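To start, the structure itself, in structure tokens.
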Amino acid sequence: MQTNFIPIDYDYFDFQGKNYIKIIGRTDTGKRICVIDDFQGSFWAILKNNFGKEKINKLITKIEKIKIYEAGRESKVEKVELHDKNFLGKPVKALKIFVTNFKDAHRIADKLGYKEIFKRREYDLDLITKYIMEKKIIPFKLYEVSGQVLNNSQEFGWIDSSMDIDLCIKAEKIKQLKKEIKSKEIPFKPKVLAYDIEVDDLKIGGGEILMVSLVSNKIKKVISLKKSNQKFVEHAKDEADLLNKFIKEVKAQNPDFLVGYYSDGFDLPYLKARAEKNKIKLALGIDNTSVKFSRGRNLTAKISGIVHIDLLRFIKTAYAQYLQSETLSLNEVANELLGERKKDFEIKHSKSLGEDEWLAFHEYNLQDSILTYKLFQKMWPDMLEFSRIMQTPIFTVSRNGMSKNVESYVIHNLEKFNEIVEKRPVHEEISKRRLRPKYEGAFVLQPKPGLYENLAMFDFTSMYASVIVSYNLSLSTHLNGDKFSKQRGFFPKMLEQIINYRKKFKIELKKNPNPMVKARSNAYKLLANAAYGYQGFFGARYYCLEAAAATAALAKKSILDVIEKIKKQGYHVVYSDTDSIALLLKNKTKSQTLTFLKQLNKNLPGIMELDLEDFYKRGIWVTKRTGDFGAKKKYALINHKGKVKIRGFETVRRDWCRLARNLQNKIIRMVLKEGNEKHAVEYLKDITKKLKNREIDKKLLIIKTQLKKPLDEYKAISPHVVAARRMIEKSMPVDMGMLIEYFVAETRSKKALVRDKVKLVGEKGEYNIKYYLNRQILPAVENILQVFDINTKELIEGKKQMKLGEF
DNA sequence: GGTGCATCCTTACC
DNA sequence: ACAGGTAAGGATGCACC
């Protein structure tokens, strides 16, 4: 039997003490297939120099005899091979040691205390990684498998009949099909089922599940404890019935992906806990196994044969830094990425829901799954490309952070360099690394405050990555101190390849815009940007603080050199931060400036590249609030099309109240558009008057601050901590990571601290005029108007001066 | 009990 | 613990008078 298929999910199992790989995929005709592949795991023993053939053979004989009995099984060295390999760029002789069961690789490696052995490596990789590395069966690429069909076969203990699949093949040969998948097409349309639950008690398993919604391209339904004549609602007579109906529906849909939003941390653990309570097995796996959880920093929920995706995890690594949303809630993210929102519904305890409210609740629940489904579709190209490029199953790659993604990419591209994989740092090593002093980072130029006209912004493309490539900075090329070898290392070479791919797909995207090429280009961009952080990250296999420090230092030197050249050419440099430079054109034209930019590029080292980010009509830089010199990381620009770019100002900070943010935003825009402060001052006066007359909507005065750690770990009791404590008193849910909302109210108390005036949003009380005037509005506009020599304090307080702290 | 510096804390920039 | 350093700025903590 022979068929084409795409690998989606990977797993392995033991049979008679040996490991077998189990790949779940789809055939090119859409059938769900399970491919079972024989795979013997192995690790490396790298030999010290200068051992003759005879000595090596003796060693091999000794190693071949190693056997261990542990965890109720016998494992032994099955085979030893001598290879010429590279380790950290240097040629070595190494023994490839094959073991019966790879789970015992570490224990067997521990038995290799021979003086001839320099290092033992790759026993700390997982078997799936080893398999993909060696056999190159990469997720979502097309393969042709031939072998024996298992149909009610007793092979592997009737494994095929234990799974809900269309076809099971014991592989004899798996061959990659060279058929190039056209980048325009998405090669395979996954079957997706999105889900979401509603409960009264947010504590995992703390109360009954009221309803669960399920959405695919075929169904839109809510299974609910509440009877309803809404067409999409299926009634469950009790929670056990609800759970069974849920399981049955998932099985009926038979999806490739079961998708939730924060479902690793909430929906699936909740379902599992309630299933246990009802003595029901949450047997969602295609082999009828239950959901499995693994604890890391985050809870992770795995279902055998169906890829469980928690969209929030992927959003955090691949999207968060490019999103404007202030939180990563489903509502905000869906609004930004899809232009759709959750249904308006004020959640309250199910006991107090009226009949109409149940209808709305059902719709609300359904909408969450609809949004989750649509978000998945939107992100699918990105996840697919991540999986293919990192050569890592989508279950894993969608949960990994960027450092792990860089590492996966490196590990799976090492074979081109004949390299053995370096080990993961263990606990002591990590602690040691974390104690190392920080190195000096980027250069930030102190700006001179003012309103400027006719500017350009230059920036280096993927600056740190191109520094790493241009100066060959990595662990394997590190000699000593700040010295690095001239001989090109695998890490910089791989990174250069990444940058080249990024360029190639960016160009392709311009010619032919489509989501797949965009996703590919973006994945390479994210990889390039994370490479620097990776080398400085204490958990990295290829950690090299010297390389990270040198990268930062050489980047700094490069930008300072360029700034000098720009000045010499007669431009005025206003500002610079890390990889960008803002300059005044003065008497120069745009085209002269572009010519000059080309000239600058000719003299840059290696692959470094300086780009024009944009030309700007005006820009404003302000003073720091403390001191009369320019504030870094705070500026605003307007380009010639009228597009405004605001950085660092309170406008973009979520821990300032809306009133102050909106006011500052308007004032910045007025000033940039008009080039003077006239309208801005009028607008400020108007808002001030309204605030003093208590005409401002309290919604605009809410301050939101995130609880970054458990409440009892705070040393300083700040306003948001007080607010959170009050919430607990009122038995409102308070969790680490939550945005705490409060406003500052008028109080009779003479205490001066803000925290003594904190009130929760729902609480009665009038807003504190002096606080919002002196600590929100004034600080937000003061330094902007100061550029025009306006004393804002006098303006809004009248002639009578007031101390800043007073309110 | 007010002053002023240190420290904590959050959130931004790149 | 899950990429790095640089920076602004609010609010409290606390020694000091």
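Order of the sequence lines fixes the chain letters, A, B, ..., with proteins taken first and strands second; residue numbering starts at 1 for each chain. Only a predicted model underlies this, so the values are computations on that prediction, with no experimental measurement involved. Worth knowing before you read on, the calculation uses all heavy atoms, side chains too, and leaves out hydrogens, waters and symmetry mates.
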Could you tell me how far apart [X] ([atom1]) and [N] ([atom2]) are, to the nearest whole angstrom?
X	N	atom1	atom2	answer
A:Ile784	C:dG9	CD1	C1'	15 Å
A:Lys525	C:dA3	NZ	C1'	16 Å
A:Lys316	C:dA3	NZ	P	12 Å
A:Glu326	B:dT10	CD	P	16 Å
A:Tyr439	C:dT6	OH	P	8 Å
A:Ile717	B:dT10	CD1	P	11 Å
A:Glu428	C:dA1	CD	P	15 Å
A:Leu473	C:dG4	CG	P	18 Å

Legend entry - By ring pair (Phe, Tyr, Trp, His ring centres under 6.0 Å) - contacts of A:Phe443 (at least two apart): none
Which of parallel (below 30°), tilted (30 to 60°) and perpendicular (above 60°) describes [X] and [Y]?
X	Y	result
A:Tyr575	A:Trp621	tilted
A:His478	A:Phe484	tilted
A:Tyr123	A:His106	tilted

NA contact type, [X], heavy-atom cut-off 4.0 Å: base, sugar-phosphate, or nothing?
X	value
A:Ala530	nothing
A:Gln535	nothing
A:Gly441	sugar-phosphate
A:Tyr543	nothing
A:Phe443	nothing
A:Tyr464	nothing
A:Gly539	nothing

Inset, instruction - Tell whether A:Arg653 reaches the base of B:dT10 with its side chain through a donor-acceptor pair below 3.5 angstrom. - result: yes
[N] OP1/OP2 closer than 4.0 Å to side-chain N/O of [X]:
X	N	answer
A:Arg755	C:dA11	no
A:Lys708	B:dT10	no
A:Lys634	C:dG9	yes
A:Arg434	C:dC2	no
A:Tyr771	C:dG10	no
A:Arg654	B:dT10	no
A:His720	B:dC9	no
A:Lys632	C:dA7	yes
A:Arg775	C:dA11	yes

Legend entry - Atom pair CD1/OH of A:Ile499 and A:Tyr524 - distance to nearest 0.5 Å: 13.0 Å
Inset, instruction - Measure centre to centre between the rings of A:Tyr409 and A:Phe386, then say whether the value is under 6.0 Å. - result: no
From C-beta outward on [X], which listed nucleotide comes closest to its side chain: [options]?
X	options	value
A:Asp577	B:dC13, C:dG13, C:dT6	B:dC13
A:Tyr714	C:dA11, B:dT11, B:dC9	B:dC9
A:Lys438	C:dT6, C:dA8, C:dA11	C:dT6
A:Lys624	B:dA12, C:dG9, C:dA11	C:dG9
A:Lys715	B:dC9, C:dG9, B:dC13	B:dC9
A:Lys633	C:dG13, C:dT6, B:dC14	C:dT6
A:Glu650	C:dG9, C:dT12, B:dT10	C:dG9

Inset, instruction - Go through residues 659-667 of chain A and report each residue with a non-hydrogen atom lying under 4.0 Å from DNA chain C, sorted by number. - result: none
Inset, instruction - With DNA chain C as reference, determine whether A:Asp655 or A:Asn529 sits nearer its 5' end, using the nearest nucleotide of each. - result: A:Asn529
Inset, instruction - Could you pick out which residue, A:Ser718 or A:Asn783, lies toward the 5' side of DNA chain C when each is mapped onto its nearest nucleotide? - result: A:Asn783
Inset, instruction - Go through the steps for A:Asp577 and A:Arg647 under the test salt bridge (Lys or Arg N to Asp or Glu O under 4.0 Å), then give the verdict. - result: CA-CA 12 Å; A:Asp577 184 350; A:Arg647 292 290 178 262; over 6 Å; no
Inset, instruction - Check whether the side chains of A:Arg654 and A:Thr705 place a donor and an acceptor atom closer than 3.5 Å, and report yes or no. - result: no
Inset, instruction - Pick out which of A:Phe537, A:Tyr471, A:Phe491, A:Tyr464 makes a ring pair (Phe, Tyr, Trp, His ring centres under 6.0 Å) with A:Tyr532. - result: A:Tyr464
Inset, instruction - Sort out for me which residue in A:Glu407, A:Glu422, A:Glu429 forms a salt bridge (charged side-chain N to carboxylate O under 4.0 Å, His left out) with A:Arg541. - result: A:Glu407
